[in-house]
Enquirer: 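I'd like to ask you about the structure that follows.
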There are 2 protein chains.
Amino acid sequence: MKEKLFRRSSRKRDVILEELRKVITHPTAAILYNLVRKRIPNISLGTIYRNLDQMAKKGIIQKLDVAGKEARFDGNINKHYHILCTVCGRIDDVHEISYDNKKIEMAKIINGYQVSGYHLNYYGICSDCKQ
Amino acid sequence: MKEKLFRRSSRKRDVILEELRKVITHPTAAILYNLVRKRIPNISLGTIYRNLDQMAKKGIIQKLDVAGKEARFDGNINKHYHILCTVCGRIDDVHEISYDNKKIEMAKIINGYQVSGYHLNYYGICSDCKQ
DNA sequence: GTCAATGCAAACGATTTGCACGAAT
DNA sequence: ATTCGTGCAAATCGTTTGCATTGAC
């Protein structure tokens with residue numbers, strides 16, 4: 001957990017990561033800011049953003065692939081999926097689905113959600129960028 | 001195509017939709033603005049946003065579920081998926097994949113992309129909002 | 001005539017950045 | 001001593017909104 005991922009250690013970064021790992025709610029930067037402020041009152045929102053970015057780039061946290069105004073972050077980098085409430089915007093984890101055709105297409109209830117649909121995005125390097 | 005979807009007809013809305021349907025590049029509002037301006041030079045960016053929103057709500061276009069600063073739109077509402085280049089940000093359609101377990105997990109090349117991963121998001125109404 | 005659609009500019013909200021200072025190596 | 005990490009505020013960027021006008025019905 002304390003390998004040579006970053007050039008210098010920082011208590012603030014450590015606390016941001018700890019607080020993110022504590023919750024299962026996929027918080028925004030602002031929400032995390034409020035959580036972290038309870039422990040480090042003088043931390044600034046800019047520091048939250050800078051550290052979340054850094055950690056997401058290193059792959060120790062996840063920046064969620066969700067459209068919308070505010071970015072959301074996940075401290076759990078184990079492979080799992082998400083379900084989003086189209087009414088209140090809440091995001092929950094989806095663990096129990098096995099990804100065969102029938103279940104993806106036919107799942108109607110997941111985690112108590114009435115499922116209306118899903119989106120699947122692939123990531124990769126396009127042929128132009130592969131050069 | 002010209003049913004009673006909207007209370008009043010609007011040539012600007014029609015042209016926005018036409019231009020969006022012409023391209024396969026999942027443009028941002030600003031890109032579409034430039035395309036539409038070639039035909040309607042005095043159109044404003046606000047009108048582009050208002051109409052894209054409206055049409056997405058009616059379901060005649062798609063607002064893509066992609067994280068990032070700018071929203072992207074798709075004139076093709078047939079069920080299909082997307083592949084995003086992690087280097088240049090380009091987005092292409094994915095049509096040929098059949099969604100059984102093996103293919104999702106094992107696809108290594110799609111549309112010339114070197115695939116690195118995928119994200120699956122479900123949508124629905126959470127139990128609290130269902131009341 | 002009514003009220004939706006529009007242009008324009010200002011407002012907004014999330015995120016980023018420049019700068020000077022403090023801290024880890 | 002170097003230069004990363006930080007607080008702070010200003011800047012930026014995408015998007016939304018208020019208002020007066022135009023246009024569809």
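Lettering of chains follows the sequences in order, A, B, ..., and the numbering in each one begins at 1. The structure presented is a predicted model; accordingly, all values stated were derived computationally and were not measured. Hydrogens, waters and symmetry mates play no part in the numbers below; they use all other heavy atoms, side chains included.
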Enquirer: Write out all pairs satisfying side-chain hydrogen bond (donor to acceptor under 3.5 Å, both in side chains) with one or both partners inside residues 54-63 of chain A, taking only residues at least two apart or from two chains.
Expert: Asn51(A)-Gln54(A)
Enquirer: Taking transitive links into account, so neighbours of neighbours count too, which hydrophobic residues share a cluster with Val87(B) at under 4.5 Å side-chain distance?
Expert: Ile125(A)
Enquirer: May I have the distance from Ile48(A) (atom CD1) to dA14(C) (atom C1'), rounded to whole angstrom?
Expert: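 Whole-Å distance recorded here is 14 Å.
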Enquirer: If the condition is side-chain hydrogen bond (donor to acceptor under 3.5 Å, both in side chains), which residues does Thr47(A) pass it with, not counting sequence neighbours?
Expert: Ser44(A)
Enquirer: Please name all residues satisfying side-chain hydrogen bond (donor to acceptor under 3.5 Å, both in side chains) with Arg39(B), sequence neighbours left out, ordered by chain then number.
Expert: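 Glu18(B), Glu19(B).
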Enquirer: Kindly write out the residues that satisfy side-chain hydrogen bond (donor to acceptor under 3.5 Å, both in side chains) with Tyr49(B), not counting sequence neighbours, or none if the list is empty.
Expert: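 Checked Tyr49(B) against side-chain hydrogen bond (donor to acceptor under 3.5 Å, both in side chains); zero matches.
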Enquirer: Treat primed atoms plus P, OP1 and OP2 as sugar-phosphate and everything else as base, then score nucleotides 19-25 of chain C 5' to 3': B for base contact with protein heavy atoms under 4.0 Å, S for sugar-phosphate contact only, - for none.
Expert: ----BBS
Enquirer: Give, ordered by number, those residues of residues 29-45 of chain A having at least one heavy-atom distance below 4.0 Å to an atom of DNA chain D; if nothing qualifies, reply none.
Expert: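 Within residues 29-45 of chain A, the residues near DNA chain D are Asn42(A), Ile43(A), Ser44(A).
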Enquirer: First contact, last contact: which nucleotides of DNA chain D are these for chain A, 5' to 3', heavy-atom distance under 4.0 Å?
Expert: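 Using the under 4.0 Å cut-off, the span is dT2(D) to dT16(D).
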Enquirer: Take atom CZ of Arg11(B) and atom C1' of dA4(C), then tell me their distance rounded to the nearest Å.
Expert: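 It is 18 Å, rounded to the nearest whole Å.
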Enquirer: What do the steps show when you test Asp65(A) against Asn121(A) for side-chain hydrogen bond (donor to acceptor under 3.5 Å, both in side chains), and what is the final call?
Expert: CA-CA 9 Å; Asp65(A) 182 48; Asn121(A) 288 332; 3.0 Å; yes
Enquirer: Which pair of non-hydrogen atoms, one from Cys129(A) and one from Cys85(B), has the smallest distance, and what is that distance?
Expert: SG-SG, 3.8 Å
Enquirer: Locate the shortest heavy-atom distance separating Phe73(A) from Ile61(A); write the atom from each residue and the value.
Expert: CD2-CD1, 4.0 Å
Enquirer: Any Lys/Arg nitrogen of Asp92(B) or Arg90(B) sitting under 4.0 Å from an Asp/Glu carboxylate oxygen of the other?
Expert: yes
Enquirer: Of all the heavy-atom pairs spanning Leu84(B) and Tyr113(B), show the shortest one and how long it is.
Expert: C-CE2, 3.8 Å
Enquirer: Extract all donor-acceptor atom pairs below 3.5 Å that involve side chains of residues 30-37 of chain A and protein atoms in other chains or at least two apart in sequence.
Expert:
residue, atom, partner, partner atom, Å
Asn34(A), OD1, Arg37(A), NH2, 2.7
Asn34(A), ND2, Ala30(A), O, 3.4

Enquirer: Can you list everything that forms a side-chain hydrogen bond (donor to acceptor under 3.5 Å, both in side chains) with His82(B)? Sequence neighbours excluded, please.
Expert: His26(B), Asp74(B), His80(B), Asp93(B)
Enquirer: Distance check needed: dT6(C) P versus Leu52(B) CG, whole Å only.
Expert: 11 Å
Enquirer: Looking at residues 66-75 of chain A, who's got a heavy atom less than 4.0 Å off DNA chain C?
Expert: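 Result for residues 66-75 of chain A: Lys69(A), Glu70(A), Ala71(A), sorted by number.
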Enquirer: Go through the structure and list residues passing ring pair (Phe, Tyr, Trp, His ring centres under 6.0 Å) with Tyr123(A), not counting sequence neighbours.
Expert: His119(B)
